[in-house]
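Naming: A, B, ... by sequence-line order, numbering from 1 per chain. Scope of the values below: all heavy atoms of this structure, side chains included, with no hydrogens, waters or symmetry mates.
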Protein chains: 4
Amino acid sequence: MDDILQSEAGQRLRSFIERVERLEEEKDTIARDIAEIYKEAKSTGFSDKVMRRLVALRSKDDNTVKDEEALLAIYKTILGME
Amino acid sequence: MDDILQSEAGQRLRSFIERVERLEEEKDTIARDIAEIYKEAKSTGFSDKVMRRLVALRSKDDNTVKDEEALLAIYKTILGME
Amino acid sequence: MDDILQSEAGQRLRSFIERVERLEEEKDTIARDIAEIYKEAKSTGFSDKVMRRLVALRSKDDNTVKDEEALLAIYKTILGME
Amino acid sequence: MDDILQSEAGQRLRSFIERVERLEEEKDTIARDIAEIYKEAKSTGFSDKVMRRLVALRSKDDNTVKDEEALLAIYKTILGME
DNA sequence: CTGCCATTTTACCGGC
DNA sequence: GCCGGTAAAATGGCAG
């Protein structure tokens, strides 16, 4: 079994996994930080839900957003949702 | 409208949003890095899918995993899944 | 082992699992049907993405929707997104 | 505006949406039924979490599962996870 | 280019 | 009322 653990392949796999794990940890930390901010904002009276929508919105191409909104409005009209 | 933009609340909201956006950017970068590693590993002959499962597995509490596995085995037996 | 398979508990577990599986199957069938409709709609020129938003919208309480939209508009103003 | 509401396209859109909504309703009902079963099973002493894993497991192709498990075991060995 | 699969994100619904 | 976990939805990447 030693030969497997010490093998080229084994060392490569181990390296890949460890690199991923380190990055995952960083990612989780950041995700937690983001959650913290929303929480803080919420406790100040802002809606975290709406803030999330806002952030998502800002990250998208402007024209795409406009187009979709326009289409949505049309569909609403067709369905009589004024 | 200037009063809204300049208001305490306005400045706080702006600050929250900008902090989130900065962190989101970092998170995306890391996510890309992780994807890169899996891709590289895959091109070396490893299964990225199984590697992902492995990473997920290692991130969980050992006893919890053991307990669930044990229970799962029992249920399988009961159902005749060998 | 026969005693486990034949036990009260075993029979109950089996029954639970089988009932779930039957329902899951039905659920999947319906999900597929829904996907079909969106696909058909898309091929007729409608945007499936916008249609999904529309359906989601209609399933929510009107006031909730209105309130969120209003808040979003306010936040946009604060951030100078016209 | 009447022409839009009465138009071919309008009627088609309306029909699509309504069909989707009807199916979504059915889907929700079934989902509720499934939740009920798990709840009942749990109150009888079974782990709903493990039962869910079991159901998921059974819904997958046997060989795929076997192959992945085998590979996972190999990777674990390589990493010295007993 | 389209459909499929996996991942991520969001919403929901329990328990505490 | 908050938080955790769970299920659903949406997005993005991959293969055919």
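For C:Arg19 and D:Glu40, the salt-bridge test passes: some basic side-chain N is under 4.0 Å from an acidic carboxylate O.
The separation between B:Ile34 atom CD1 and F:dG13 atom C1' is 16 Å, rounded to whole Å. What separates OH of D:Tyr38 from P of E:dC13 is a distance of 18 Å, to the nearest Å. Rounded to an integer number of Å, the gap from C:Arg32 CZ to F:dA9 P is 15 Å.
By the 6.0 Å and 45° rule, C:Arg12 does not stack over the aromatic ring of D:Phe46.
Note on B:Val65 and D:Val50: separate hydrophobic clusters, where clusters join Ile, Leu, Val, Met, Phe, Trp and Tyr whose side-chain heavy atoms are under 4.5 Å apart, directly or indirectly.
Expressed to the nearest 0.5 Å, how far OG1 of C:Thr29 lies from CG of D:Leu23 amounts to 11.0 Å.
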Restricting to nitrogen or oxygen on both sides, can you table the protein-nucleotides 2-11 of chain E pairs closer than 3.5 Å?
| residue | atom | partner | partner atom | Å |
| --- | --- | --- | --- | --- |
| E:dA6 | OP1 | B:Lys49 | NZ | 2.7 |
| E:dT7 | OP1 | B:Arg52 | NE | 3.2 |
| E:dT9 | OP1 | B:Lys27 | NZ | 3.1 |

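A side chain to side chain contact (heavy atoms under 4.5 Å, CB included) with A:Glu24 holds for exactly one of A:Glu26, A:Arg22, A:Lys27; it is A:Lys27.
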